[in-house]
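In what follows, a structure is listed as structure tokens, so that the remarks can point back to it.
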Amino acid sequence: TALLDNTAYDTSYLVYQATGTYEVTFITWSLTGADASLFSIASNGEVTFSANTTADHETKSSYSFNVVATTGSLAPATQAVTVAVTDINDEAPVITSGATGTALVDNTAYDNSHVVYQATGTYDDAVEGIDWSLTGTDAAFFTIGSTGAVTFKGSTVTNHEAKNSYSFTLIATTGTGSDTLSVTKDITVAVTDINDVAPVITSAATADALTENTSYDTNHVIYTATGTYDDAVSGISWSLTGTDADLFDIAANGEVTFK
């Protein structure tokens, strides 16, 4: 009788029932072979464990022994016996892929063929694979296939200013019924910002008035430029053009002075 993985069996559990035909009053039963020392055989042919035993498919997937039937002085008959240990899903899957997906680019259209994350994992050899699913904050935006590929459900245009990342929880499930085991992992997919908002000059259109017949050196600030800019960049690069631009310099901080 096949044994079940991770199950405890005592010395009363019938592993195998030996039977035979004979011409004398009885058969004398005995055991030989690889795992014979783990078992006992009674006079009625019942084979049981010699001691309480817990089956473990990962350690030992089957037991083998020979049942020997002896009658009188005749040569004994031998039957090779194998007792299988039926594997069960007793090891939870392990998600081996990382906690971040492939970064998305701001203001870019992605269709439902673009893979934003590839789930991978390992699982007990009692099952054939992992069933993938998604839950969490942004799970509704995505779908996951049987191969673990996560894609948008529909065409999506990213916008870092509106949403700078997506997050969902990956679920890996193996087995069915009472053998079901699941693990989860939180995943983040970043939206990489780009410089898509033009700078805005917030300083006034007139500089400080200059006084006639007054000497000004190159340290005198006649105008300070200020502005706002997209948070994808670190600042504004200032420059001058126009009628009298060649008379002035503008520094990195926006200060305009005579050359």
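All of these numbers come straight from a predicted model, not from anything done at the bench.
Proximity of a side-chain donor or acceptor of Q17 to a complementary backbone N or O of N44 within less than 3.5 Å is detected. When atom types are taken as modelled, the side chain of S12 and the backbone of D10 share no donor-acceptor pair closer than 3.5 angstrom. Although no hydrogens or angles enter the test, the distance criterion places no donor-acceptor pair under 3.5 Å between the side chain of D230 and the main chain of N195. Side chain of Y223 to backbone of A204: a donor-acceptor contact under 3.5 angstrom is found. A donor-acceptor pair under 3.5 Å links the side-chain atoms of T156 to the main chain of G154, judged by distance alone. Between the side chain of D106 and the backbone N or O of V191, no donor-acceptor pair lies under 3.5 Å. Judged purely by atom type and a 3.5 angstrom limit, K185 uses its side chain to pair as donor or acceptor with the backbone of S97. Although no hydrogens or angles enter the test, the distance criterion places no donor-acceptor pair under 3.5 Å between the side chain of Y63 and the main chain of F39.
T143 and L134 get closest at one heavy-atom pair: C-CD1, 4.1 Å. Here the closest heavy-atom approach between residue P93 and residue V183 is recorded as O-CG2, 3.2 Å. V67 approaches W29 most closely through the heavy-atom pair CG1-CE3, 3.6 Å. Of all non-hydrogen atoms in L170 and A119, the two that sit nearest each other are CD2-CB, 3.6 Å. Contact between T82 and S62 at its shortest, heavy atoms only, is CG2-CB, 4.0 Å.
Hydrophobic clustering (ILVMFWY, side-chain heavy atoms < 4.5 Å, transitive): Y13 and L38 are in one cluster. In the hydrophobic cluster analysis, where Ile, Leu, Val, Met, Phe, Trp and Tyr join through side-chain heavy atoms closer than 4.5 angstrom, F248 is grouped together with L210. Both L247 and L240 are part of a single hydrophobic cluster, where members link through side-chain heavy atoms under 4.5 Å apart. In terms of hydrophobic clustering, with Ile, Leu, Val, Met, Phe, Trp and Tyr side chains grouped at heavy-atom distances under 4.5 Å, V105 and Y117 are assigned to a common cluster. No path of Ile, Leu, Val, Met, Phe, Trp and Tyr side chains, each step under 4.5 Å between heavy atoms, connects V81 with L14, placing them in separate hydrophobic clusters.
The one candidate from T180, T184, I130 that meets the side-chain contact (heavy atoms from CB on, under 4.5 Å) condition with T173 is T180.
Residues forming a side-chain contact (heavy atoms from CB on, under 4.5 Å) with T70 (at least two apart in sequence, or on another chain): T28, V68, P76. Legend: residues meeting side-chain contact (heavy atoms from CB on, under 4.5 Å) with T135, ordered by chain and number and at least two apart, are T169, I171.
Side-chain atoms of Y110 and T158 form no donor-acceptor pair, as typed in the model, at a separation below 3.5 Å. With 3.5 Å as the limit, one finds no donor-acceptor pair spanning the side chains of T188 and S165. Using a 3.5 Å distance cut-off with no hydrogens or angles, the side chains of N89 and T174 do pair a donor with an acceptor. Donor-acceptor pairing under 3.5 Å is recorded for the side chains of T202 and T226. Side-chain N/O atoms of D196 and N107 include a donor and acceptor closer than 3.5 Å.
By the 4.5 Å heavy-atom criterion applied to side chains, Y166 and F152 are counted as neighbours. When side chains are defined from C-beta on, T147 does not count as touching W132, because their heavy atoms never get closer than 4.5 Å. Proximity of I201 to I236: side-chain heavy atoms (C-beta onward) are nowhere separated by under 4.5 Å. Looking at heavy atoms from C-beta onward, V116 lies out of side-chain contact with T102 at the 4.5 angstrom threshold. Side-chain atoms of H114 and N112, non-hydrogen and from C-beta on, never get closer than 4.5 Å to each other. Side-chain contact between L3 and V83 is present, with heavy atoms from C-beta onward closer than 4.5 Å. In this structure, the side chains of T224 and V256 stay at 4.5 Å or more apart for every pair of heavy atoms. Considering only heavy atoms from C-beta on, Y123 stays 4.5 Å or farther from V94 through its side chain.
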Exercise. Take V150 and V115 through the test side-chain contact (heavy atoms from CB on, under 4.5 Å) and record every step on the way to the result.
Key: CA-CA 6 Å; V150 179; V115 177; 5.7 Å; no
Self-check item: Stepwise side-chain contact (heavy atoms from CB on, under 4.5 Å) test for T59 and H57
Solution: CA-CA 5 Å; T59 302; H57 180 274; over 6 Å; no
Self-check item: Test log, rule side-chain hydrogen bond (donor to acceptor under 3.5 Å, both in side chains), inputs T48 and S40
Solution: CA-CA 5 Å; T48 57; S40 297; 5.1 Å; no
Practice problem: Using the side-chain contact (heavy atoms from CB on, under 4.5 Å) rule, take F49 and V15 through it: C-alpha gap first, then chi angles, then the decisive distance, then the call. | Solution: CA-CA 7 Å; F49 280 108; V15 176; 4.0 Å; yes
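From T151, atom OG1 reaches atom CD of Q118 across 10.5 Å, with rounding to the nearest 0.5 Å. The CD atom of E91 sits 9.0 Å away from the CG atom of N6 when rounded to the nearest 0.5 Å. Interatomic distance, CG of L181 versus CG of D179, reported as 7.5 Å (0.5 Å rounding). Atom CG of N219 sits about 10.0 Å away from atom CD of E255, to the nearest 0.5 Å. Separation of atoms CG (D138) and CD1 (I187) is listed at 12.5 Å; rounding is to 0.5 Å. Taken from OG1 in T192 to CG in L104, the straight-line distance is 7.5 Å, to the nearest 0.5 Å.
In this structure, F168 and F142 have tilted ring planes: the angle between them lies in the 30° to 60° band. Ring geometry, Y16 versus F65: the interplanar angle exceeds 60°, so the pair is classed perpendicular (tilted spans 30 to 60°).
Among pairs with a residue in residues 31-58, those fulfilling salt bridge (Lys or Arg N to Asp or Glu O under 4.0 Å) read D35-K60, at least two apart in sequence or across chains.
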